[in-house]
Amino acid sequence: MVVSTPTPLLRRANKKTSALGVPTIDLSDDKSNVSELIVKACEDYGFFKVVNHGVPKKVIARMEREAVDFFSRPVSQKQRAGPATPFGYGCKNIGFNGDKGDLEYILLEANPVSLSQRAKTLSNDPSTFSCVTNDYISAVRKLACDILELVAEGLRMEDKSMFSKLISDSQNDSCFRVNHYPPFNAPNHSHHHKEFNNHWDPSSVEEEERLHISPLPTVGSKSRVGFGEHTDPQILTILRSNDVSGLQICSHDGFWIPVPPDPNEFFVFVGDSFQALTNGRFTSVRHRVLAMNSWKTRMSMMYFAAPALNAWINAPPQINNILLTHNIYRPFTWGEFKQTVYSLRLADSRLDHFKNHTQ
């Protein structure tokens with residue numbers, strides 16, 4: 001069922017952030033009811049949390065351990081897996097046109113062959129790393145497929161695999177990303193130093209960055225941009241993070257909503273491609289991550305579910321019959337859309353370039 005968070009979220013004094021509960025959906029409930037609730041969450045927010053998701057805890061824990069092991073290494077070792085072009089290890093440079101964030105990350109293609117090759121630069125035990133990562137990706141891909149099939153049911157579509165087959169295709173272009181955000185301030189107490197140094201090696205950054213004097217824009221007095229506002233271009237994003245806050249989503253009326261972290265569950269984002277596939281019935285959710293004033297590092301893992309490069313993104317006729325409207329977007333391939341994404345800034349609205357002007 002859909003419920004609000006147990007405790008209300010605080011409204012900021014500058015009125016730029018709204019107080020709202022995060023839609024939470026229990027996937028173990030009655031299937032027909034769950035499908036309708038997912039559709040409503042996609043329409044109202046483009047974002048929701050799922051519980052009883054079926055991804056084994058040990059699969060999540062093993063993946064997190066591999067990621068922590070990588071990010072705890074000296075910068076000189078991590079840089080062997082970079083630069084991210086776009087896959088590999090990256091730090092601060094997160095976009096293709098000058099976009100920056102206060103984080104480091106690894107971005108991987110979500111297929112066994114590529115992972116096996118990339119693991120050689122990411123781990124001292126490549127076979128274990130690739131095995132663990134493949135297990136995690138397989139589990140969250142299944143979760144994404146289950147959600148997409150529930151969406152199809154909720155939209156009363158005859159072919160319940162209409163959306164899920166796009167990402168279950170062997171040629172799918174899905175990817176996997178792990179973001180690692182350092183603490184905002186260095187700990188003052190000696191017992192914290194080991195934790196800080198294990199998570200962020202300052203040896204390769206400039207003096208001003210080691211002192212946390214950053215040219216990045218600030219949001220409020222105790223936070224700054226960890227990952228700038230954007231929408232995800234793919235169909236769905238399945239996110240899992242640790243217990244450190246920072247994620248915010250933007251409501252349809254322009255308010256920023258803080259999302260309480262939940263390391264045991266998954267958050268689901270509607271992407272640009274899903275917005276086009278539903279002819280605008282769903283809206284891709286704009287979100288950002290603020291580097292909060294915390295002693296702890298934030299780490300998040302995202303599976304971006306994307307179709308094959310030659311797959312067509314076009315709303316099926318059933319969607320148009322439901323909406324009784326014309327096609328908002330012209331048909332395009334994922335490869336064409338991805339090329340446009342690479343040419344724009346992180347915060348740009350990519351779908352505006354694909355609107356149908358012939359109506």
Side-chain angles (χ1 to χ4, degrees), residues 22 24 46-51 53 55 57 59-72 78 84 86-95 99-108 110 122 132-133 136-137 139-141 143-144 174-184 198-200 216 219 223-234 236-250 256-271 284-305 346:
V22 175
T24 301
F47 173 82
F48 55 95
K49 180 168 72 173
V50 291
V51 300
H53 44 70
V55 179
K57 290 183 178 180
V59 170
I60 300 171
R62 290 177 68 198
M63 186 67 249
E64 185 176 49
R65 283 197 298 270
E66 290 293 329
V68 168
D69 176 71
F70 174 79
F71 289 118
S72 66
K78 289 182 286 192
F87 301 106
Y89 169 75
C91 182
K92 295 189 179 294
N93 295 315
I94 58 176
D99 301 299
K100 293 183 179 295
D102 194 31
L103 81 162
E104 57 179 346
Y105 64 91
I106 51 176
L107 180 62
L108 307 170
L122 293 168
V132 168
T133 306
Y136 183 86
I137 289 174
V140 293
R141 178 186 292 125
L143 174 59
S174 302
C175 57
F176 177 58
R177 180 175 182 131
V178 184
N179 287 340
H180 178 255
Y181 303 86
F184 180 75
N198 281 345
H199 286 281
W200 186 256
L216 296 171
V219 183
S223 60
R224 56 183 178 172
V225 175
F227 206 111
E229 64 175 271
H230 65 287
T231 57
D232 294 335
Q234 295 85 359
L236 278 187
T237 300
I238 308 294
L239 174 143
R240 184 267 173 189
S241 69
N242 62 2
D243 59 352
V244 178
S245 61
L247 174 65
Q248 296 185 347
I249 63 169
C250 188
W256 285 104
I257 303 168
V259 179
D262 189 339
N264 298 313
E265 312 300 349
F266 287 92
F267 295 94
V268 181
F269 299 77
V270 170
S284 56
V285 62
R286 187 163 289 270
H287 53 286
R288 67 186 182 187
V289 174
L290 302 185
M292 308 303 288
N293 189 7
S294 170
W295 301 131
K296 298 181 65 177
T297 62
R298 172 181 168 85
M299 191 170 71
S300 55
M301 305 187 294
M302 289 74 61
Y303 169 72
F304 299 103
L346 188 68

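Only this structure's heavy atoms are used, side chains among them; waters, hydrogens and symmetry mates stay out. Position 1 is the first residue of the sequence; numbering continues from there.
Residues M299 and V68 form a side-chain contact, since some pair of their non-hydrogen atoms from C-beta on lies under 4.5 Å apart. When side chains are defined from C-beta on, R298 does not count as touching L103, because their heavy atoms never get closer than 4.5 Å. Here the side chains of V178 and F70 are not in contact, with every heavy-atom distance at 4.5 Å or above. You'll find the side chain of H180 reaches within 4.5 Å of the side chain of T297, heavy atoms only. For the pair D262 and T24, the minimum side-chain heavy-atom distance is 4.5 Å or more. At a threshold of 4.5 Å between non-hydrogen side-chain atoms, the residues P182 and D102 count as touching.
Counting only distance, with no hydrogens or angles, the side chain of D99 and the backbone of L346 share a donor-acceptor pair below 3.5 Å. Remark: side-chain polar atoms of N242 are paired, donor with acceptor, to backbone N or O of V244 under 3.5 angstrom. In terms of modelled atom types and a separation under 3.5 Å, the side chain of R286 and the main chain of C250 share no donor-acceptor contact.
The two residues N93 and Y105 have their closest heavy-atom pair at O-OH, 3.0 Å. Across all non-hydrogen atoms, the minimal contact from F87 to L108 is CD2-C, 3.7 Å. Considering every non-hydrogen atom in both G228 and R288, the closest pair reads C-CB, 4.0 Å. I106 and F71 get closest at one heavy-atom pair: N-CZ, 4.0 Å.
The distance from the CD1 atom of I257 to the CD1 atom of I249 is 4.5 Å, given to the nearest 0.5 Å. With values rounded to the nearest 0.5 angstrom, I238 atom CD1 is found 10.5 Å from F304 atom CZ. Note that CG of L236 and CZ of R141 are 13.0 Å apart. Values are rounded to the nearest 0.5 Å. Once rounded to the nearest 0.5 Å, the distance linking CH2 of W256 with CD of Q248 reads 7.0 Å. Expressed to the nearest 0.5 Å, how far CZ of F48 lies from CD of E265 amounts to 13.0 Å. To the nearest 0.5 Å, atoms OH (Y181) and OG (S241) are separated by 9.5 Å.
R240 meets the salt bridge (Lys or Arg N to Asp or Glu O under 4.0 Å) test with E64; sequence neighbours excluded. Residues passing the salt bridge (Lys or Arg N to Asp or Glu O under 4.0 Å) test with R177, sequence neighbours excluded: none. Here F266 pairs with H53 under the ring-ring contact (aromatic ring centres under 6.0 Å, His included) rule; sequence neighbours left out. Take D243 and apply the side-chain contact (heavy atoms from CB on, under 4.5 Å) test, not counting sequence neighbours, and it matches P263, K296. Under the ring-ring contact (aromatic ring centres under 6.0 Å, His included) criterion, Y136 pairs with F176, not counting sequence neighbours. In this structure R62 satisfies the side-chain contact (heavy atoms from CB on, under 4.5 Å) test together with R65, V132, D135, sequence neighbours excluded.
With ring centers used as reference points, H287 lies 6.0 Å or more from F47.
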